[in-house]
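Since the structure comes first, as structure tokens, the remarks are kept for the end.
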Amino acid sequence: GLYDDHITNSGGGANPIIVSVSGGVWDAVDDFEIPYTNPFRSQADYDRASAQGFALIQAQQELGAGGYLRIFPDGYLETPTINFTQYDFLDIIFDATTYGGAMDQILTVKVSADDGLNYDVVSSYLLTGSYVTQSTNINLESAYNSTTGRIKVEMTSGGGSSRLRDFSIGEDYYGPVEGLIGMELWYGLQNIISDGHIQYSYDTARLYMHGYIDNIDGSVRCIYTGQWVDHPFGSLSTPPDFSAEHTYAQSWYGEDLDAEGISFAVSDLHALHPARLDVNQARSNYPFEYVTDIISIWGEDSYLSYFGRNSDGYISFDVADEFKGNLARGILYFAVRYYEDNNNLYRGYIDQLPMLLQWHYEDPVDAREIERNELIFDYQGNRNPFIDRPEFVGLIWGEIAIGTPVATTPTDITLNSFVANWDEVPGAVTYRLDVSTNPGFVGFISGFKNRTVYQTEQIVSNLEPATTY
């Protein structure tokens, strides 16, 4: 506890002895156990690790830039002894970046089966100039589950030094599905993300979403328009003119889900996001697809979503490019969490699956998505596997291995038309063609947003003379 006191020897004499004692806080240090987390953001974090038995060799705590553990060449962080017989898989996760600029710094995760005498390399990471979350899965079942050992993160190469923070060791959340593919992986993930899922009421979930999950420094952002609105952090209320958007529309639940499934689904934050009320109402329960015939545009600058018809003439909603992958992974999660096959993704005469897969690959997982997944896990008790392990998408539904077409010189140019041309891509059945007068493709000429084309050329007509397209 706090201490600040002095003792005076008043037994007599002209010069009594005074002993002064002052200081800060003595906290009891928890024993090292898994799951284990240490942010390494403060000196107290460093001291706690040392007291728990971590070896921190040529590694020092830095307090600037938010705090981090600085690891020098050949320096390392080494865990206390771990009883590997208790675990089949362990996940080692940390954020890391360079110190002093990029000098080919490499952090290597190693495992020892003889309590630190000898180490095997599990994985190595070449660091970049910004923090990247590094995740290593160690399969103890195959080689190490009959012994005790240690785990080490060591700077094995490069100049300068390295920064490490937010270090954790945990039992692998996805250990039971390692090696599975297809529907076996689907059902295995369904068991994992259903287990531990905490049910909240819809009102509780949406208010917590606006106040905490999607509240960034006192602001909340609409997923469809990119608009930020002020909303005090921790305020359990909905911002004016905002709502909670079910990306997997509520009206779709009743077709397939029972009452228990609906009670979980309606408040599931992995598919619940802030949205302006007007655009939420415009999207309604229409499926997501590329829009070709635009009816209305939502957003500003380059953050634009489109409501209209797809190439087959069906009403659909085309979310802004910045959120395409985020939305796709949320809906794919929802499909696996609550359904038994892909049929649930066929809505409004549109099979959403091919488009969701494309959006997943074209817009990879971002830092905000990772942060949101962690916040939801802390609150709701389950995770989105397609954020943690994007490769699961390919293992269930297959990889998209089609390349990007390359535009070639247009031909047959007249005052008001030309023929757009591009190279054939092996394996491609159709192409999507955009034509715009804006080099950033903000706005499109009529009929040429995501126009489906079955060959490698397309006439573009009814154009304005002396205009660049």
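Quick caveat, the model's predicted, so the values are computed rather than measured. The first residue of the sequence shown is numbered 1, and numbering continues consecutively from there. Side chains are part of it too, since the values below use all heavy atoms of this structure and drop only hydrogens, waters and symmetry mates.
Using a cutoff of 4.0 Å between basic side-chain nitrogens and carboxylate oxygens, Arg389 and Glu178 are scored as salt-bridged. For the pair Asp434 and Arg451, the salt-bridge criterion is not met [side-chain N within less than 4.0 Å of a carboxylate O]. Look at Glu245 and Arg276 and you find no salt bridge, because none of the NZ, NE, NH1 or NH2 atoms lies under 4.0 Å from a carboxylate O. Checked for salt-bridge contact, Arg432 and Asp318 miss the test: no charged N lies under 4.0 Å from a carboxylate O.
Under a cut-off of 6.0 angstrom, the local environment of CD in Glu424 is sparse, with at most 12 non-hydrogen atoms contributed by other residues, nucleotides or ligands. Crowding of Ile198 atom CD1: a count of heavy atoms from other residues, nucleotides or ligands under 6.0 Å exceeding 12.
Relative to the ring axis of Tyr68, Arg165 does not place its NZ or CZ within 45° and under 6.0 Å from the centre. The cationic group of Lys449 does not satisfy the cation-pi geometry with Tyr290, failing either the under 6.0 Å distance to the six-membered ring centre or the 45° limit from the ring axis.
To the nearest 0.5 Å, the span separating CG on Asp166 from OH on Tyr131 amounts to 8.5 Å. From Gln352, atom CD reaches atom CG of Leu357 across 11.5 Å, with rounding to the nearest 0.5 Å. Leu180 contributes atom CG, which lies 15.0 Å from atom CH2 of Trp186 (distance to the nearest 0.5 angstrom).
Under the 3.5 Å distance criterion, the side-chain polar atoms of Asn384 are matched with a main-chain donor or acceptor of Arg329. In this structure, Asp104 contributes its side chain and Ser157 its backbone to no donor-acceptor pair below 3.5 Å.
Judged by distance alone, the side chains of Arg206 and Thr238 do bring a donor and an acceptor atom under 3.5 Å apart.
Paired with Phe307 under the rule ring-ring contact (aromatic ring centres under 6.0 Å, His included), one option of Phe288, Tyr224, Tyr286 passes, and it is Tyr286.
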